[in-house]
Amino acid sequence: MLTIPFIRANSEITIQGLTKKHVANASEIVGQLIAMDDQRKSLLQQAESALETSNAAAKEIGSLMQSGQKELAEGKRAETAALKGTIKEKEEAAKAAEKQMLDLLVTLPNLPHSSVPEGKTAEENEVVLTWGSLPKMQADAQPHWDLIKKYDIIDFDLGNKITGAGFPVYKGKGARLQRALINFFLDEAIKVGYYEIQPPILINEDSGFGTGQLPDKEGQMYVTKEEGLFLIPTAEVPITNLYRDVIVNEKELPIKNVGHTPCFRREAGSWGAHVRGLNRLHQFDKIEIVQIHKPETSYQALEEMSLHVQGLLQKLDLHYRVLRLCGGDMGFASALTYDMEVWSGAQNRWLEVSSVSNFETFQANRLKLRTKVDGKSILCHTLNGSALALPRIVAALLENNQGPDGIKIPEILVPYTGFTHIN
RNA sequence: AGAGGGGUGUCCGAGUGGUUUAAGGAGCACGCUUGGAAAGCGUGUGUAGGUCUCAAGCUUACCGAGGGUUCGAAUCCCUUCCCCUCUACCA
């Protein structure tokens, strides 16, 4: 969430940024917000000055009563009783004005970083770099949805039976490959200083709000019926929310956390060839890295996180590219996002496997995540990224590494899997 | 899940309607003291909002959260969350 003081002080920048993110009528909205805030302030002042009078009178009544001056006290009492109505009325009006302002403020996305390219759709994302080369595929190369059947390692039919579409069952070497990847990704993160967290995978409403899933995107999350808890769409939510309502000691920054969780996404309304097989699931595993920084170091951290993710892809020897997302394709809360895409040899297209973002103070403002610099409390910057999401990595590994002997496991994973081929 | 007890500042802890502008202690910071340190003494010590050119000052809210009663609420009432003890259940 953007802050009102920032918007007031930088209304032109705000309007430009919102426009880059394709918010319609940015200029009007900013004007409205400032007007609402003015109204809020004025009502609050009225309420507070009435309260001040009333507080003073109440105190006076107290001392009059103690000194036995009953009649004087009674007079005062009548006087302040009359104020009650005004106070309540003004307080309620101020609260209503604030709510109106917040309701609007909460709908505004974060402002994009200056390096974010203009553009509306994924086609306008900027390719930052491409690593590796196209895998050499055999003539009769099969897409992963055929390979998983051929080797009987991932079973969608069984998943359909016990849950529904998009909930595959991993079996045998398929299950072991999952476990190998999870451990590999966690170990790599721990090696470079991340602290491992195993969070709950159900979250409450406050947490959903803190990282920006609520109030807008509840349709994308599963909810429990009795408690109204949400199944997490990503470990970002519980791990970042660990720091909700926290003033972090400056010395503890930067914070670097990593966690593995299953992730749940309803993805209502998406079907078609592009979502076949492992390309899009309702439940999948992901290793998430989260960092919390002082503002001046956050962009350096973003680059470091991007390099970490790229390192993983390089170790798995996957042909990949890095995109800098354009204003229209970026997430709601992000100021700058890099997407990593791996080449899928049999589908002949790029698959998104990671998204690394700097949210600057956008999440921190909702979370009330602050630190103190020179005695003043300031909002922290939050960042996160997938390192990595499993299903599409598995899809690419299966497709790109298929051969006459079966599917070859990358060297680096063999100690984790305990086998060299799926056959 | 049932019964009972409890949630107060960075921490411990007093406080059941009016000098509580939250006692007292610990911690922390600064100062005095000292050859240096400890002890001792003194001063300060939260968050958010408003006012203000800045600072200071003034002011409002915050004793788990939300609402209510009252001229006045940490204190009384209602709702709710969390913790502890016992019982029940359970991996």
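Quick note on labels: first sequence line is chain A, next is B, and so on, each numbered from 1.
- Put simply, N55(A) has a side-chain N or O that comes within less than 4.0 Å of OP1 or OP2 on U60(B).
- For S49(A), no side-chain nitrogen or oxygen approaches OP1 or OP2 of U59(B) to under 4.0 Å.
- Nearest-nucleotide positions on RNA chain B for S54(A) and Q45(A) put Q45(A) closer to the 5' end.
- Side-chain nitrogen and oxygen atoms of R370(A) include at least one within less than 4.0 Å of the OP1 or OP2 phosphate oxygen of A48(B).
- Here the separation of A39(B) from A29(B), taken at their P atoms, is 12 Å to the nearest Å.
- In this structure, R366(A) is positioned above the aromatic face of F209(A), its NZ or CZ under 6.0 Å from the six-membered ring centre and within 45° of the axis.
- Within the 4.0 Å cut-off from OP1 or OP2 of C71(B), at least one side-chain nitrogen or oxygen of K84(A) is found.
- Nearest-nucleotide positions on RNA chain B for K95(A) and I61(A) put K95(A) closer to the 5' end.
- Using a 4.0 Å cut-off, no side-chain N or O of N204(A) falls inside it from OP1 or OP2 of C81(B).
- Contact annotation: K372(A) side-chain N/O to U47(B) OP1/OP2 distance is under 4.0 Å.
- For G7(B) and G64(B), the C1' atoms lie 6 Å apart once the distance is rounded to whole Å.
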Subject >> Test salt bridge (charged side-chain N to carboxylate O under 4.0 Å, His left out) applied to D103(A) and K99(A), step by step >> reply: CA-CA 6 Å; D103(A) 283 350; K99(A) 185 179 184 305; 2.8 Å; yes

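- In the set U51(B), A48(B), U47(B), the nucleotide with an atom closest to the side chain of K41(A) is U51(B).
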